[in-house]
Structures are given as C-alpha cells and as structure tokens.
Asker: 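Quick one: the structure is below, questions incoming.
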Number of protein chains: 2
Amino acid sequence: MSRREEAKTFNRARICAAAESIIRSEGIDNLTMRRLAVVAGVSLRTPYNLFGSKTDVLIALLDEAVFKFTQLGLARADGVAIVGMLRALGQIETFFDSDETYYRGIYAAIMTSDHPEVRSTSVDRAIASARVLMAQAISNGELRADTDAQSLGRHLAITLLAVLGMWGSGFFSNRESMAQVRRAWLAVMLQHCTDTSRLMLAAAYDNPSDIGD
Amino acid sequence: MSRREEAKTFNRARICAAAESIIRSEGIDNLTMRRLAVVAGVSLRTPYNLFGSKTDVLIALLDEAVFKFTQLGLARADGVAIVGMLRALGQIETFFDSDETYYRGIYAAIMTSDHPEVRSTSVDRAIASARVLMAQAISNGELRADTDAQSLGRHLAITLLAVLGMWGSGFFSNRESMAQVRRAWLAVMLQHCTDTSRLMLAAAYDNPSDIGD
DNA sequence: AATATTTTTATAACACGTGTCAATAATGTT
DNA sequence: AACATTATTGACACGTGTTATAAAAATATT
C-alpha cells in the first residue's frame with residue numbers, strides 16, 4: 001500500500017473512531033460533520049473526501065459492527081442448518097444487547113437517511129446467506145427436496161431485515177424483534193420441513209420466546 | 001366550532017392541498033416548507049403552528065390516504081375472516097397501484113424522518129384491526145380455539161408494517177411487498193388453523209403470487 | 001365600542017449536510 | 001533535486017428544517 005493509501009486508511013480510522021466516540025459520549029444527535037471534523041482533528045471536507053457523506057461514515061461504523069458480529073462465528077449446530085439459522089437470531093439479540101443504544105443508533109441513522117443505495121448491499125448479503133443455509137437444509141433433509149431454496153431464503157432474509165427496520169426505529173426491544181422474526185421463520189419453515197424436522201420446529205413454534213404484548 | 005377553529009381547519013386544509021399539489025406536480029423533493037408556504041398562500045410559520053413540523057404535514061396526508069382507503073370498505077368475504085384478511089392485502093396493492101409514486105413518496109418521507117412518535121399510532125391501529133379479525137376467525141372456527149388472538153393479531157400486523165417499511169424505502173414493488181406479507185401471513189395462520197380452513201390456506205400458500213426474485 | 005386574547009405575518013437567525021474553489025501540503029515520479 | 005500528481009485545508013456559500021421576536025391582524029370578551 002502506498003503511503004498515500006496508508007494515510008487515507010489512517011484518517012478513515014481516525015474519523016470512524018471519532019464518530020464512535022462522539023456517539024458514545026455525546027449521543028448520536030450530536031454527531032455533526034463539523035463536530036466530527038474537530039474531534040477527528042481533520043478538516044470538514046476530509047470525511048467527505050474519504051467517505052462521501054455522513055451516511056457513508058455511519059455505514060462504515062455499521063460495517064465494523066457487522067464484522068465484529070461475524071467474527072463471533074455462527075453457533076455450531078451439529079450440521080443442522082435450521083437450528084443454526086435460529087441460533088443466529090439469539091446471537092444477534094445477544095450482540096445487540098451488548099451495546100444496544102450504539103447499534104440501534106447507527107442503524108436508525110442509516111435507515112432514516114435518504115441514501116437508499118445503502119440498504120441494497122446489506123439486503124443482498126443477508127439474502128445470500130439465508131439462501132446458502134436453506135440449500136444446506138434441503139440437502140440435509142431438513143427441508144423437503146421440492147423447496148425453492150432461493151425463494152425461501154429470500155423470504156426469510158427479508159423478514160429479518162423488515163423487522164430490523166422497525167427495531168432500528170425504536171419500536172420494540174431486541175428481544176421482541178427477534179421473537180417476531182423467530183415466529184415468522186418457524187411458521188414458514190414448517191411449511192417446507194420434512195418429517196425429520198417437523199417435531200422440533202413445531203415444538204419451537206409452540207414455545208415462543210416472549211413476543212411482548 | 002368557533003371562527004378561530006374554523007379558520008385553522010381551513011388553513012390546515014389549504015396547506016394539505018398545497019402539499020399534495022407540490023408533491024404531484026414538482027415531486028416530493030421539492031416539497032420544502034418555504035415553497036409550501038408560498039403555494040398555500042400562508043406564512044412560513046403557519047404550517048408549524050397548525051401541524052408542528054414538516055413530518056406532521058406529511059402524516060396528515062397519510063391520514064387522508066388511510067381514510068380514503070378505509071372508505072373503500074374491506075372486501076366482503078362471506079364472513080370468513082381469514083379470507084377477508086388476505087383480500088385486504090390485495091386491496092392495499094390495488095390502492096397503492098392507483099397512485100404509487102404519491103403514496104410511496106409520503107410513506108418514505110415519513111419513515112425517513114426522525115420523528116419516531118409517528119409510527120406508533122398507525123401501528124396501534126393496524127394491530128387493533130388484526131386482533132379483531134383474528135378474534136372473529138377464532139369464533140368462526142377458522143382458527144383453533146386455543147389461539148391467542150391478541151398475540152397473533154399483533155404478529156400479523158407487525159409483519160405487514162415491517163414489510164411496508166421496506167416498501168416505502170423503494171426496495172420492492174407493491175406486488176412483491178404484498179406477496180411477502182401474504183406468504184408470511186399464510187404460514188403463521190396455518191399454524192393455528194382448524195381442519196376446516198387448512199386446505200384453503202395450504203392451497204393458497206402453495207400457489208404464491210409472484211414473489212419476485 | 002373598547003379591551004384582551006389568540007393567530008398570523010414578516011424578518012431574521014441558527015445549525016445542519018453538502019458543495020465550490022483556490023491555496024497548501026504531502027507524496028509520487030523523473 | 002525538480003516537477004507532477006494527489007490530498008487536505010480553509011473560508012465561504014447554498015438550501016434546508018426550525019425557532020425567535022416583534023408587529024399586525026383577527027377574533028373573543030366585556
């Protein structure tokens with residue numbers, strides 16, 4: 001990496017760190033580009049050079065969070081894709097719990113920005129992951145062979161992201177969000193399950209986590 | 001109503017009409033408070049006096065739309081609550097189709113505003129309606145008697161609203177949104193249906209409308 | 001009719017995200 | 001070392017939602 005790129009990377013990191021620090025210590029409402037420039041020790045223009053927009057800075061923070069989450073690794077589920085999928089929900093909840101105001105803040109800020117191109121990348125990523133898992137579930141015999149993994153994966157991913165949108169806007173708690181997704185996921189997967197997995201899924205559906213009032 | 005209240009009501013209507021006109025003829029990006037004041041023939045301050053904020057003006061437009069929709073009346077479904085619920089989805093789609101850019105525009109504008117109090121009223125309304133319908137479905141014998149109508153109604157309403165959030169942000173078409181909701185609704189209702197309604201629901205689930213890729 | 005209250009108006013201002021543009025500094029290339 | 005390229009800076013400006021303030025107009029009260 002050339003020294004120029006090194007400097008850019010360094011400045012990007014400084015700006016991200018400053019943004020995170022401001023959000024943590026002063027609240028996300030006080031994250032303004034002018035304040036960010038001051039705290040990062042950089043001119044007002046530089047974040048625009050290095051990121052493009054305020055939203056892009058926040059996206060960088062979200063990417064860091066996503067990276068941190070993926071580093072946790074998906075809980076092993078003894079090769080049962082469906083269980084892995086459901087466990088991921090619990091992991092998301094735990095992850096959010098660990099730093100709720102921060103994650104919700106950046107998520108909401110991104111969602112309430114009128115940079116719609118943001119969403120499609122994360123949407124595509126989620127859909128791809130879900131499709132892979134559902135294809136595994138089919139080849140594992142957890143889901144019926146006539147199941148359309150593409151369509152099902154897309155449906156499940158959108159379900160998650162749609163609820164996350166409401167979560168970001170503060171409508172309900174981490175737990176409520178995940179319970180909503182869990183219920184929706186289980187119901188849909190029950191429509192495609194084999195006899196092998198039906199009992200487990202049905203039991204999970206009938207034993208809901210707290211969905212809230 | 002006192003003359004003062006009459007004047008207020010009149011001005012409110014003028015402002016709403018001006019806002020709608022601007023959105024229609026110049027696009028929602030050109031709906032600024034200054035332009036709104038000019039077109040409405042009113043001072044810049046007046047919309048703030050009468051509505052509170054720009055978001056509140058848009059909420060008034062959305063309320064008008066919701067009112068117009070409810071005036072259509074829910075499609076009769078021969079007393080089958082579940083069918084009525086599903087038909088409502090089709091009605092929503094038709095309604096959106098009839099004026100897509102307008103409805104999506106105001107919906108997106110409201111959703112991307114940081115006035116979160118907005119959402120709760122429409123959310124509460126939707127939940128209440130769904131709960132009523134689900135209670136009917138139970139007493140009609142369409143859903144099992146041990147079904148929790150409160151919980152189920154809430155779940156279904158949130159499913160709809162969560163998807164609508166993504167719809168507003170332009171992620172997918174009217175039809176795709178409703179197909180997503182339809183699939184999710186059918187799957188969940190299938191978990192609570194009686195033998196009477198199972199065949200119909202299962203057939204509907206297996207015959208999805210186009211969900212898009 | 002005179003007075004008090006409430007609303008609207010006019011004007012200015014604030015903080016915000018973002019853009020322009022020239023100057024300057026840092027880095028790359030020869 | 002001299003030059004060319006690129007990145008950062010600084011100061012300013014624009015349009016936005018929103019608020020402040022005081023004057024004017026409309027309405028209510030007596």
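Residue numbering restarts at 1 for every chain, and letters A, B, ... go by the order of the sequence lines. This one's a predicted model, so the numbers in the text were calculated from it and none came from an experiment.
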Asker: Decide, yes or no, whether a salt bridge links B/D63 with B/R125 under the criterion of side-chain N to carboxylate O below 4.0 Å.
Answerer: yes
Asker: In this structure, how many angstroms lie between the P atom of D/dT16 and the CG atom of B/L36, rounded?
Answerer: 12 Å
Asker: Nearest-Å distance, CE (A/M33) to P (D/dT9)?
Answerer: 13 Å
Asker: At how many degrees, to 10°, do the end axes of the helix from C/dA1-D/dT30 to C/dT30-D/dA1 meet when each uses five pairs?
Answerer: 10°
Asker: Measure the distance from NZ on B/K54 to P on D/dT16 and round it to the nearest whole Å.
Answerer: 9 Å
Asker: Treating A/T46 as the side-chain partner and A/V42 as the backbone partner, does any N or O pair qualify as donor plus acceptor under 3.5 Å?
Answerer: no
Asker: Return the value, rounded to whole Å, for the distance between atom CZ of B/R34 and atom P of D/dG15.
Answerer: 10 Å
Asker: Aromatic contact between B/Y107 and B/W167, with the criterion being ring centroids under 6.0 Å apart: yes or no?
Answerer: yes
Asker: Looking at B/T94 and B/G90, would you say the former's side chain and the latter's main chain have a donor-acceptor pair under 3.5 Å?
Answerer: yes
Asker: How close or far is atom C1' of D/dT18 from atom CZ of B/F51, stated in whole angstroms?
Answerer: 16 Å
Asker: If the cut-off is 4.0 Å, is B/T46 near the phosphate of C/dT9, judged by side-chain N/O to OP1 or OP2?
Answerer: yes
Asker: To the nearest 0.5 Å, how far apart are OH in A/Y48 and CG in A/D56?
Answerer: 10.5 Å
Asker: In this structure, how many angstroms lie between the P atom of C/dC16 and the CG atom of A/L44, rounded?
Answerer: 11 Å
Asker: For C/dT7, does OP1 or OP2 lie under 4.0 Å from any side-chain N or O of B/N49?
Answerer: no
Asker: Check each residue of residues 2-21 of chain B for a non-hydrogen atom within less than 4.0 Å of any atom in DNA chain D, then write out the ones that pass by number, or none.
Answerer: B/S2, B/R3, B/R4
Asker: Do A/S169 and A/R104 have side-chain atoms, one donor and one acceptor, less than 3.5 Å apart?
Answerer: no
Asker: Expressed in angstrom and rounded to an integer, what is the separation of A/Y48 atom OH from D/dT6 atom C1'?
Answerer: 21 Å
Asker: With the side chain counted from C-beta on, respond yes when B/W185 and B/L89 share a heavy-atom pair under 4.5 Å apart, and no when they do not.
Answerer: yes
Asker: Side chains of B/E142 and B/N140: is there a donor and an acceptor less than 3.5 Å apart?
Answerer: yes
Asker: Relative to the ring of A/F96, is the ring of A/Y103 parallel (under 30°), tilted (30 to 60°) or perpendicular (over 60°)?
Answerer: tilted
Asker: Relative to the 5' end of DNA chain D, which residue comes earlier, A/L50 or B/L31, by the nucleotide with the nearest heavy atom?
Answerer: A/L50
Asker: To the nearest angstrom, how far is A/D29 atom CG from D/dG17 atom C1'?
Answerer: 15 Å
